[in-house]
Amino acid sequence: MRVAVTGANGLIGAEAVAHLLGRHEVLALGRGPCRLPPGPYAWAEVDLGDGRSLEQALLGFRAEAVLHAGAATDVDGCERDPDLAWRVNVGGTEQAARACRALSARLVALSTDYVFDGEAGPSDEEAVPNPRGAYARTKRCGEEAALLLAPDAAVARVAVVYGGGPGAKATFATQVVEKLSRGEPVKAFSDQQVTTTLASAGAERCLELLLETDYRGVLHVSDAEVVGRVEFARAVADRFGLAGEIIPVLTASVRLPAPRPLRGGLVVARATRLLRHRPLSLAEALDRFHAEWQARGGRS
Ligand SMILES: NC(=O)c1ccc[n+]([C@@H]2O[C@H](COP(=O)([O-])OP(=O)(O)OC[C@H]3O[C@@H](n4cnc5c(N)ncnc54)[C@H](OP(=O)(O)O)[C@@H]3O)[C@@H](O)[C@H]2O)c1
């Protein structure tokens with residue numbers, strides 16, 4: 001099958017491409033040059049915010065299935081530049097959906113637990129979104145673009161994505177490992193509850209949803225456990241055998257441009273029933289993260 005992955009240099013997109021290789025004909029799409037290891041895939045440079053390059057690339061490839069993992073994910077950057085956030089997160093998803101409609105292709109568009117306001121999470125698929133801030137609002141509109149414009153579409157919501165090895169894109173989990181390894185303390189929000197998503201495991205669930213199901217609508221596909229961020233940081237440190245200080249910090253004490261959901265996280269019962277690749281417990285996800293970290297050259 002011809003499968004296209006947007007955001008292919010990103011956390012989920014890169015894992016998705018790696019998972020697809022040897023099984024499908026793959027077009028990896030990203031901003032600027034390819035940063036993936038070499039392999040049997042084609043690369044196309046696209047700007048999700050330009051209103052046309054993604055749609056043209058998907059039509060040219062004659063995609064049969066599209067995993068749309070590309071997005072402007074810098075939550076505070078989106079708050080500072082809502083116009084860019086709109087063009088990338090709404091316009092990019094609109095392009096993917098229009099191409100999928102023209103090609104009769106299946107689409108899975110990634111989204112986020114930030115579509116909820118964080119007053120009463122974790123949230124299941126029936127909970128009513130109430131996004132706050134430019135990132136959250138543009139991601140929510142992107143969901144509607146996918147579901148409205150592409151007849152065969154699902155929206156896969158994830159939360160707090162992490163993964164990769166040393167030197168990979170910084171995430172909260174990799175910062176915990178790298179800072180504690182250097183003997184530096186780590187700050188963690190003590191009033192934020194989340195679910196987390198190991199990128200490789202999340203990518204597998206998204207691809208199963210894309211290629212092995214005909215599920216339409218929204219599906220929550222983060223890992224399974226609801227944790228506080230301090231608890232998550234401690235669990236990462238314990239799994240990597242790292243001692244060191246984790247400093248609890250209240251969200252309101254840090255002047256962040258964009259609002260953050262406090263009681264966030266996703267209920268993944270439906271994905272657990274639907275998918276072979278079930279959402280992992282925190283311990284399972286951290287075992288796998290540790291193994292991936294070592295395989296990618298990490299010492300812990
Ligand atoms: N990261 C999280 O914690 C998180 C949480 C909830 C939901 N999500 C959602 O999950 C999906 C996957 O995100 P991720 O975690 O893999 O984040 P990521 O690593 O930031 O990946 C996003 C990718 O999109 C690319 N991109 C950004 N702007 C672009 C543009 N204008 N044109 C083309 N490509 C562009 C980025 O390129 P560069 O690599 O060049 O920056 C990056 O590779 C997104 O829909 C995101 O909203 C993520």
Side-chain angles (χ1 to χ4, degrees), residues 4-18 28-36 43-55 57-58 66-78 81 83-93 95-96 107-116 118 121 123 131 133-143 145-146 154-164 168-175 192 194-203 205-207 218-223 229 232 258 260-261 264-266:
V5 178
T6 73
N9 278 326
L11 289 162
I12 298 243
E15 296 288 353
V17 170
L29 302 117
R31 173 167 60 181
C34 178
R35 304 196 297 272
L36 301 174
W43 179 263
E45 262 186 58
V46 293
D47 178 356
L48 297 175
D50 71 3
R52 62 186 167 80
S53 58
L54 174 60
E55 190 171 351
L58 295 176
V66 176
L67 184 69
H68 179 46
T73 56
D74 173 357
V75 175
D76 293 322
C78 287
D81 192 347
D83 183 62
L84 179 75
W86 185 273
R87 281 188 280 116
V88 174
N89 291 345
V90 187
T93 312
Q95 287 190 64
L107 171 66
V108 166
L110 271 288
S111 190
T112 169
D113 65 330
Y114 273 38
V115 299
F116 301 111
S123 305
Y135 170 73
R137 291 168 69 185
T138 57
K139 290 298 293 180
R140 174 67 188 132
C141 291
E143 292 184 347
V155 163
R157 291 187 184 133
V158 294
V160 190
V161 180
Y162 67 102
K169 179 180 171 175
T171 62
F172 180 59
T174 56
Q175 283 179 329
Q192 284 186 26
V194 296
T195 51
T196 58
T197 311
L198 179 66
S200 57
R205 290 191 288 275
C206 290
L207 289 174
V218 175
L219 190 68
H220 289 179
V221 298
S222 70
D223 283 324
R229 279 192 182 261
F232 179 56
R260 299 297 199 275
L266 298 168

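Start at 1 and go down the list; that is how both ligands and their atoms are numbered.
For ligand 1, the atoms sitting less than 4.0 Å from at least one non-hydrogen atom of L110 are 10 (O), 11 (C), 45 (O), numbered in the order shown with element in parentheses. When each atom of ligand 1 is checked for a heavy atom of D47 under 4.0 Å away, the hits are 30 (C), 31 (N), 32 (N). The ligand atoms of ligand 1 that sit less than 4.0 angstrom from a heavy atom of I12 are 16 (O). Against a heavy-atom cut-off of under 4.0 Å, G70 is close to the following atoms of ligand 1: 24 (O). Close contacts between ligand 1 and V160 involve ligand atoms 3 (O), 5 (C) [criterion: under 4.0 Å to a heavy atom]. Set against the non-hydrogen atoms of V46, the atoms of ligand 1 under 4.0 Å away are 32 (N), 33 (C).
Protein heavy atom nearest atom 32 (N) of ligand 1, with residue, atom name and distance: L48 N, 2.9 Å. In this structure, the protein non-hydrogen atom closest to atom 23 (C) of ligand 1 is G7 CA, 3.7 Å. Nearest protein heavy-atom neighbour of atom 48 (C) of ligand 1: V161 CG2, 3.7 Å. Looking at atom 47 (O) of ligand 1, its nearest protein heavy atom turns out to be Y135 OH, 2.7 Å. Looking only at heavy atoms of the protein, atom 18 (P) of ligand 1 is closest to K169 NZ, 3.2 Å. Nearest protein neighbour of atom 42 (C) of ligand 1, counting heavy atoms only, is G10 CA, 3.9 Å. For atom 27 (C) of ligand 1, the closest heavy atom belonging to the protein is A71 O, 3.1 Å. Residue, atom and distance of the protein heavy atom nearest to atom 10 (O) of ligand 1 are V158 CG2, 3.6 Å.
Note on ligand 1: G32 sits outside its first shell, no heavy atom being nearer than 4.0 Å. Assignment of Y114 to the shell around ligand 1 is not supported, since no heavy atom sits closer than 4.0 Å. Within the structure, the closest approach of R35 to ligand 1 falls below 4.0 Å when heavy atoms are considered.
For atom 13 (O) of ligand 1, the nearest non-hydrogen atom from the set A173, S222, A199, A69 comes from A69. Of the candidates E15, E45, R31, the one placing a heavy atom closest to atom 40 (O) of ligand 1 is R31.
Counting heavy atoms of neighbouring residues, nucleotides and ligands inside a 6.0 Å radius, atom CZ of R260 exceeds 12 of them.
Judged by distance alone, the side chain of T171 and the main-chain N or O of Y162 form no donor-acceptor pair under 3.5 Å. When atom types are taken as modelled, the side chain of T138 and the backbone of V90 share no donor-acceptor pair closer than 3.5 angstrom. With hydrogens and angles disregarded, a donor-acceptor distance shorter than 3.5 Å links the side chain of K139 to the backbone of L110. Of the possible polar contacts, one joining the T197 side chain to the A159 backbone as a donor-acceptor pair under 3.5 Å is found. In terms of modelled atom types and a separation under 3.5 Å, the side chain of R140 and the main chain of P131 share no donor-acceptor contact. The closest donor-acceptor contact from the side chain of Q95 to the backbone of L54 lies under 3.5 Å. With hydrogens and angles ignored, the 3.5 Å screen pairs a side-chain donor or acceptor of N9 with a backbone N or O of P33.
At under 3.5 Å, not a single nitrogen or oxygen of H68, backbone or side chain, sits near a nitrogen or oxygen of ligand 1. Residue-to-ligand polar distances place L11 within reach of ligand 1: an N/O pair is separated by less than 3.5 Å.
Contact check for V221 versus C206: side-chain heavy atoms found under the 4.5 Å cut-off. Between N89 and Y135, the closest side-chain pair of non-hydrogen atoms falls below 4.5 Å. A 4.5 Å side-chain heavy-atom check between T73 and K169 finds at least one atom pair inside the cut-off. Here the side chains of D83 and R87 are in contact, with some heavy-atom distance below 4.5 Å. For the pair H68/L48, a side-chain contact is recorded, criterion being any heavy-atom separation below 4.5 Å from C-beta on.
The proximity of F172 to ligand 1, defined as any non-hydrogen pair under 4.0 Å, does not occur for either the backbone or the side chain. Only the side chain of V88 comes within 4.0 Å of ligand 1, judged by heavy-atom distances. Residue-level proximity to ligand 1 for R157 is absent, since no heavy atom of it falls below 4.0 angstrom. Proximity of S111 to ligand 1, defined as any heavy-atom pair under 4.0 Å, is confined to the backbone N, CA, C and O atoms.
When each of T195, V194, D223 is tested with L266 by the rule side-chain contact (heavy atoms from CB on, under 4.5 Å), just one qualifies, namely T195.
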| said: Is there a salt bridge (Lys or Arg N to Asp or Glu O under 4.0 Å) between E55 and R52? Walk through the geometry before answering. | reply: CA-CA 5 Å; E55 190 171 351; R52 62 186 167 80; over 6 Å; no
